[in-house]
Amino acid sequence: MPRLIADLTPLRVSPAFRRLWWGLGVSNVGTQVTVVAVGLQVYALTGSTLAVGTLGIAALVPLVALGLYGGALVDHYDRRRVSLLASAVLWLVTAAIAAQAWLDVGSVNLLYGLVALQSAAFAINNPARTSIVPRLLEPRLMPAANALQTLSMNVARTGGPLIGATLVGWGGYGVAYTLDALLFTAALWAVWRLPAVPPEPSTDGDLTAAPARRRVVGLGSVLDGLRYLATRPNVRTTFVVDLAAMVLAFPRVLWPAAGAVYLGGGATTTGVLAAGFAVGGILASVFSGALVGVRWQGRVIVWAITSWGVCVAAFGAVLVAVGPDSPDGVLWGAVVLAGVALLLAGGSDAISSVFRQSILQTATPDHMRGRLQGVFIVVVAGGPRLGEMVLGTEATWFGEGWAAVVGGLACVAVLWLVVRSQPRFWRYDARHPEP
């Protein structure tokens with residue numbers, strides 16, 4: 001049994017990683033409160049799932065524009081300093097979101113703009129934080145560290161939506177956003193306590209390392225990272241298969257309508273569905289002890305994403321079965337079935353995330369890690385945002401239920417086409433990593 005439980009060694013051996021893990025874990029709860037509250041506020045102002053999905057586009061554009069550049073900054077400057085400055089901007093934007101709620105501005109366009117600013121700061125902050133972790137731990141501990149970080153995130157995804165939905169119903173949007181601003185100070189503290197983390201120079205003779213010595217970070221540095229990625233098929237495939245999962249089958253945009261129109265219960269049911277998704281990730285992370293030593297990591301990723309697509313389709317099938325009848329009460333049987341489907345989807349996503357991140361961190365040299373982490377954050381954060389727009393659009397065409405069914409099955413089909421075209425990824429060996 002102990003071999004099944006998550007490996008806590010990274011928390012024991014590195015005080016800096018332990019502080020960062022706790023600080024980000026606390027702040028992530030607030031982040032998830034805001035994610036749910038913003039979606040609910042936009043839906044309350046417009047009554048449109050498509051409008052909620054447009055939040056994804058508002059976040060996607062600055063994420064793509066600054067994610068790659070942010071990764072280049074991380075490869076050129078002290079990663080602690082970059083993260084600290086970006087975190088300060090994130091806190092100010094969160095405070096502005098809270099202010100618009102307290103002032104009852106009621107502007108969807110203002111919310112879109114603030115979400116875009118938040119995404120821009122996140123695009124710089126996340127590659128910096130993620131690139132710091134391999135400098136705090138030995139390479140052999142990276143799967144365990146990623147499992148712990150996935151656990152922390154999914155705990156936040158469980159508690160955050162429930163807290164957010166409850167606070168919106170009890171005290172309004174301003175209370176929910178203010179809590180996020182308060183909790184975010186834990187992340188600021190954790191980053192402040194980190195040691196200096198300047199990028200390491202290349203020692204492998206890789207020509208792509210030369211731009212890391214430039215004094216000015218420009219387009220050339222970003223292109224160097226993309227050229228490097230073009231020569232690393234296994235790392236590149238981790239991005240492609242995640243895009244297939246997130247763009248085609250990310251169901252979060254459907255949850256407000258599921259609670260309001262299909263399952264009953266409104267905001268509370270929305271929170272329950274989001275929490276069910278996160279509970280799956282928690283369970284997968286808690287019992288990740290047997291996973292951290294997996295050798296054939298590419299195959300695990302493929303089967304995890306297959307499971308993801310099937311579970312999202314099952315969630316959609318529940319909505320199709322009950323229909324958009326706006327029930328007066330909560331359809332608890334359907335809520336349970338939908339919640340189980342999302343729980344299994346969340347577990348599958350957590351397993352995929354652990355190994356995709358581990359492949360990237362162990363197969364990429366330090367002088368390129370920031371830029372590839374920039375690409376990574378564009379994929380893992382931008383993919384779901386684009387997916388919200390895709391499924392939001394499909395929901396307006398043929399309903400939320402069928403949008404999930406079609407998206408989940410399309411994800412599985414595209415995934416196996418990619419694997420068929422990249423057989424080396426299926427054979428990826430963690431004992432002999434080949435990027």
Review point. Can you find a side-chain donor-acceptor pair between Trp303 and Ser348 that sits under 3.5 Å?
Key: no
Point to revise | Sub-4.5 Å side-chain heavy-atom contact between Val197 and Arg81 | key: no
Review point. Does the Thr185 side chain pair with the main chain of Leu182, one donor and one acceptor, at a distance under 3.5 Å?
Key: yes
**Study point:** Contact list for residues 239-249, test salt bridge (Lys or Arg N to Asp or Glu O under 4.0 Å), sequence neighbours left out
**Key:** Asp242-Arg356
Practice item. Give a yes or no on whether the backbone of Ser83 and the side-chain of Ser87 come within a donor-acceptor separation of less than 3.5 Å. Key: yes
**Study point:** Heavy-atom donor-acceptor pair, Arg135 side chain to Pro198 backbone, under 3.5 Å
**Key:** yes
Practice item. Look up atom CG in Leu85 and atom CZ in Arg80, then write down how far apart they are to the nearest 0.5 Å. Key: 9.5 Å
Check your understanding: Mind checking what makes side chain to side chain contact (heavy atoms under 4.5 Å, CB included) contact with Leu183, not counting sequence neighbours?
Key -> Val26, Val29, Leu179
Practice item. Calculate, to the nearest 0.5 Å, the distance between atoms CG and CH2 belonging to Leu84 and Trp192 respectively. Key: 6.5 Å
**Study point:** With sequence neighbours excluded, residues passing ring pair (Phe, Tyr, Trp, His ring centres under 6.0 Å) with Phe277
**Key:** Trp255, Trp308
Exercise for review: Measure the spacing between CZ of Arg129 and CG of Leu24 and express it to the nearest 0.5 Å.
Suggested key: 4.5 Å
Exercise for review: Side-chain contact test, heavy atoms from C-beta onward, threshold under 4.5 Å: evaluate it for Leu11 versus Leu8 and give yes or no.
Suggested key: yes
Check your understanding: How would you list, by chain and number, every residue that makes a salt bridge (Lys or Arg N to Asp or Glu O under 4.0 Å) with Glu388, sequence neighbours excluded?
Key -> Arg252, Arg385
Check your understanding: Can you pull the side-chain hydrogen bond (donor to acceptor under 3.5 Å, both in side chains) pairs that have at least one residue in residues 18-42, sequence neighbours excluded?
Key -> Thr34-Asp180, Gln41-Gln100, Gln41-Tyr177
Exercise for review: May I ask you to check whether over 12 heavy atoms, not counting those of Trp426, lie within 6.0 Å of atom CH2?
Suggested key: yes
Check your understanding: Do Thr9 and Arg12 have a side chain donor and acceptor closer than 3.5 Å?
Key -> yes
Point to revise | CG on Leu254 to CG on Leu342, rounded to 0.5 Å | key: 9.5 Å
Practice item. Would you check, one step at a time, whether the test side-chain contact (heavy atoms from CB on, under 4.5 Å) holds for Leu111 with Leu45? Key: CA-CA 11 Å; Leu111 280 170; Leu45 290 172; 4.3 Å; yes
Review point. Ala59 and Ser119: which non-hydrogen atoms are nearest, and at how many Å?
Key: O-OG, 2.6 Å
Practice item. Applying side-chain contact (heavy atoms from CB on, under 4.5 Å), run through Phe250 and Leu391 and close with a yes or a no. Key: CA-CA 8 Å; Phe250 190 64; Leu391 263 69; 5.8 Å; no
Check your understanding: Hey, are the side chains of Gln422 and Pro233 touching, using non-hydrogen atoms and a 4.5 Å cut-off?
Key -> yes
Check your understanding: Within the distance-only criterion (no hydrogens, no angle test), does the side chain of Thr306 pair as donor or acceptor with the backbone N or O of Val302 below 3.5 angstrom?
Key -> yes
Review point. Who are the side chain to side chain contact (heavy atoms under 4.5 Å, CB included) partners of Ala304, not counting sequence neighbours?
Key: Ile351, Ser352
**Study point:** Thr178/Trp102 under side-chain hydrogen bond (donor to acceptor under 3.5 Å, both in side chains): CA gap, chis, key distance, verdict
**Key:** CA-CA 9 Å; Thr178 300; Trp102 286 115; 2.9 Å; yes
Check your understanding: Are side-chain heavy atoms of Phe184 and Thr94 found at a separation under 4.5 Å?
Key -> no
Practice item. Answer whether the closest heavy-atom distance between the side chains of Phe355 and Arg299 falls below 4.5 Å. Key: no
Revision key, fill the gap. Value for CG (Leu55) from OH (Tyr43), rounded to nearest 0.5 Å, stands at 13.5 Å
**Study point:** Close side-chain approach of Ile301 and Ile359, heavy atoms under 4.5 Å
**Key:** yes
Point to revise | Sub-4.5 Å side-chain heavy-atom contact between Leu194 and Leu136 | key: yes
Review point. Okay, side chain of Arg79, backbone of Ile132: is any donor-acceptor separation there less than 3.5 Å?
Key: no
Study note, to complete from the structure: When rounded to the nearest 0.5 Å, the distance separating CG of Leu66 from CG of Asn125 is 12.5 Å
Review point. Which atom pair, heavy atoms only, marks the closest approach of Pro195 to Ala16?
Key: CD-CB, 4.3 Å
Point to revise | Over all atoms of both residues, closest heavy-atom pair of Gly39 and Val52 | key: O-CG2, 3.8 Å
Check your understanding: Looking only at atom types and distance, does a side-chain atom of Thr150 sit under 3.5 Å from a main-chain N or O of Asn146, one as donor and one as acceptor?
Key -> yes
Revision key, fill the gap. Closest heavy-atom pair, Leu344 versus Cys311, reported as atoms and distance to 0.1 Å, is CB-SG, 3.4 Å
Study note, to complete from the structure: When every non-hydrogen atom of Ile305 is compared with those of Cys411, the smallest separation belongs to CG2-SG, 4.0 Å
Practice item. Check the pair Met142, Val133 against side-chain contact (heavy atoms from CB on, under 4.5 Å), reporting the backbone distance first and the verdict last. Key: CA-CA 8 Å; Met142 290 313 304; Val133 174; 3.8 Å; yes
Practice item. Mind running side-chain contact (heavy atoms from CB on, under 4.5 Å) on Leu273 and Leu263 for me, showing each step along the way? Key: CA-CA 10 Å; Leu273 295 176; Leu263 305 175; 4.1 Å; yes
Review point. Do Tyr173 and Leu40 touch side chain to side chain, with heavy atoms closer than 4.5 Å?
Key: yes
Point to revise | Residue Trp91 excluded, over 12 heavy atoms near CH2 under 6.0 Å | key: no
Exercise for review: Considering non-hydrogen atoms only, spot the tightest contact between Val354 and Ala147 and give its length.
Suggested key: CG2-CA, 3.7 Å
